[in-house]
Enquirer: 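The structure under discussion is supplied below as structure tokens; questions concerning it will follow.
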Amino acid sequence: MPTTEPTLLIRDADLVVTVDEQRRELPRASVLVRGRAIEAIGPADTLPREADEVIDARGHIVIPGLVNTHHHMYQSLTRAIPAAQDAELFGWLKTLYPIWAGLTPEMVRVSTQVAMAELLLSGCTTSSDHLYLYPNGVRLDDSIEAAEAIGMRFHAARGSMSVGESAGGLPPDALVEREDAILADTRRLIETWHDASRFSMRRVVAAPCSPFSVSRGLMRDSAELARSYGTRLHTHLAENDHDIAYSREKFGMTPTEYAESLGWLGDDVWHAHCVKLDGAGIARFAATGTGVAHCPCSNMRLASGIAPVRRMLDAGVPVGLGVDGSASNDGAHLLGEARQALLLARVGRALEPFGCDHGPAEMTARATLEIATRGGARVLGRDDIGHLAPGMAADLALFDLRTLALAGGAVHDPLGALLLCAPSQAAYTVVNGRVVVREGQLATLELAPLLARHNALARQLAS
């Protein structure tokens, strides 16, 4: 006999922010979920009062689940390493590569779940992760299995490095892989794990690490492989001045020209950082639909610069938000990342030529939330997440407006307060119709023993 899908009712929210086509913000509203999808949104008195599960959302704001488009989750193990605290990108990498050479499969599994727990507790429901180191038997499968256990929607990026120091690259030779092995494993992962269906919880991405750690051939072959399966492509690009200098010296091109020469522009591609994307690069990204993962905290931490996000958006470039690695951000609170993106965009405009003619309204709270939701969904190639509407995936987050951090702000503009005040922790996070954070606590795994094991492994790795 056919089974009836379970229902979940988020009832009587003070405000439901849909970020839908009309950008509706609905006071005193409810959301009805059936199975994995949203069935109805509207004024609370127009929706049912009962369901299989009911969340009393009085005093809460409901927003779409946040989307994280760039991360290196294993780096949670090496947060605040003293020797790397005050380095820029290349020096930071050279300091940490020898430590990361000690990664084990257990370390990857545990650090993935710690990173995802932090994201889920910040209201994030979908995350990409770029794993490009595979020592000591580590496989991307370790991350994927960890994600399934904790309940996060996951885009697993099969990163790679193939050009070591002896060949003019940045990573140690011991950490690079043979290119035929990289391509074979990428193919295996796509065939084993990739799910292109609507509401998919798991997708695989081809993701050579960067222009300074892989060859032109691997970039071309990875793009061809990904497109033969209809999967997406991801890498780092134009992150700082040294990155630009490397591209010009090694390839005689800007990073955008280099990427385009290898087939790495298109609406199935997104690049992390793009801090130093010039006007010509922005135009090519916009014309081709190439996406950007904006990582403001990491860009500040490594003194890489301020990405020209407003110019990208005005040109039509798809832009999402990313926390980047937890050793270059040292945090994975995506709502906090959104706040930082808002503030950095405002000061960035002031530093540009004639920037004083542009006011703070160039990056508003609502525009920032859109980057963190709809923007991220577009960057990841998803049309089933990123906003709240009937037929969309039931990915959403609830925040309690009665907390100390929001006192005095939520009474004036709940959504504005959520982005402008100190970052809040989610009261509830729902992924694919499943409650994974309940009353501020992770509901899928016991957090205390996970953190204890993570800290023990972090000490082991550093030593």
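Counting begins at 1 with the first residue of the sequence.
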Enquirer: Which residue, Leu398, Val62, Val31, forms the side-chain contact (heavy atoms from CB on, under 4.5 Å) with Ile55?
Expert: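 Going through Leu398, Val62, Val31 one by one, the side-chain contact (heavy atoms from CB on, under 4.5 Å) with Ile55 is satisfied by Leu398 alone.
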Enquirer: Answer yes or no: is there an ion pair linking Arg301 with Glu88, defined by an N-O contact shorter than 4.0 Å?
Expert: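 So Arg301 does not pair with Glu88 through a salt bridge.
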Enquirer: Are the charged groups of Arg366 and Asp413 less than 4.0 angstrom apart, N to O?
Expert: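 So Arg366 pairs with Asp413 through a salt bridge.
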Enquirer: For the CZ atom on Arg248, are there more than 12 heavy atoms of other groups (residues, nucleotides or ligands in this structure) within a distance under 6.0 Å?
Expert: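 Check fails, neighbour count at 12 or below.
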Enquirer: Give a yes or no answer on whether the side chain of Thr444 reaches the backbone of Ile150 with a donor-acceptor pair at less than 3.5 Å.
Expert: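 Looks like yes, one N/O pair under 3.5 Å.
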Enquirer: Just by distance, do the side chain of His60 and the backbone of Leu15 share a donor-acceptor pair under 3.5 Å?
Expert: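 It does not hold such a pair.
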Enquirer: Between the main-chain N or O of Ala427 and the side-chain N or O of Glu439, is there a donor-acceptor pair closer than 3.5 Å?
Expert: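 Pair absent, no side-chain N/O of Glu439 close to backbone of Ala427.
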Enquirer: Is it the case that Arg158 places NZ or CZ above or below the six-membered ring of Tyr134, under 6.0 angstrom from the centre and within 45 degrees of the axis?
Expert: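 Yes.
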Enquirer: Salt-bridged, Arg109 to Glu148, with N to O below 4.0 Å?
Expert: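 No.
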Enquirer: Which atom names give the shortest non-hydrogen contact between Glu106 and Leu457, and what distance separates them?
Expert: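 Smallest heavy-atom distance, with atoms named: OE1-CD2, 3.8 Å.
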Enquirer: Would His70 and His294 count as a side-chain hydrogen bond (donor to acceptor under 3.5 Å, both in side chains) if you check the C-alpha gap in whole Å, the side-chain angles of each, and the deciding distance to 0.1 Å?
Expert: CA-CA 8 Å; His70 186 64; His294 175 41; over 6 Å; no
Enquirer: Measure across Arg310 and Ala367 and return the closest heavy-atom pair with its distance rounded to 0.1 Å.
Expert: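 The pair with the smallest heavy-atom distance is NH2-CB, 4.2 Å.
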Enquirer: Could you please spell out the steps behind the side-chain hydrogen bond (donor to acceptor under 3.5 Å, both in side chains) verdict for Ser304 and Asn299?
Expert: CA-CA 5 Å; Ser304 297; Asn299 296 341; 4.8 Å; no
Enquirer: Any idea which heavy atoms bring Ala226 and Ala206 closest together, and the distance?
Expert: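 Nearest pair, atom of Ala226 first, then Ala206: CB-CB, 3.9 Å.
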Enquirer: Mind telling me whether His271 and Trp264 have parallel, tilted or perpendicular rings, with 30° and 60° as the class edges?
Expert: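 Rings of Trp264 and His271: tilted, 30 to 60°.
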Enquirer: Under a 3.5 Å threshold, yes or no: a donor from one side chain and an acceptor from the other, between Arg382 and His155?
Expert: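 There is such a pair between these side chains.
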Enquirer: So which atom in Trp270 and which in Thr69 form the shortest heavy-atom distance, rounded to 0.1 Å?
Expert: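 Minimum heavy-atom separation between Trp270 and Thr69: NE1-O, 2.9 Å.
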Enquirer: Any side-chain to backbone donor/acceptor pair from Asn329 onto Ser326? Under 3.5 Å, distance only.
Expert: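 No; judged by distance alone, with no hydrogens or angles, the pair does not exist.
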Enquirer: Quick test of your reading of the model: are Lys94 and Glu165 salt-bridged, counting only N-O distances below 4.0 Å?
Expert: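 Yes, this pair counts.
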Enquirer: Look at the aromatic rings of Tyr258 and Phe251 and report parallel, tilted or perpendicular, splitting at 30° and 60°.
Expert: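 Ring orientation, 0 to 90° scale: parallel.
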Enquirer: Any luck finding a side-chain donor-acceptor pair between Ser328 and Ser298 under 3.5 Å?
Expert: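 Note: Ser328 and Ser298 side chains meet the donor-acceptor criterion.
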Enquirer: Is the side chain of Arg202 donor-acceptor paired with the backbone N or O of Asp195 at a distance under 3.5 Å, no angle test?
Expert: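 Not confirmed, Arg202 side chain does not pair with Asp195 backbone.
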Enquirer: Using a cut-off of 6.0 Å, state whether more than 12 heavy atoms not belonging to Glu249 lie near its atom CD.
Expert: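 No, because the 6.0 Å sphere around CD of Glu249 holds 12 heavy atoms or fewer from other groups.
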Enquirer: Going by side-chain contact (heavy atoms from CB on, under 4.5 Å), Phe90 matches just one of Leu302, Leu170, Thr95. Which one?
Expert: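 Going through the options one by one, the only one that passes is Leu170.
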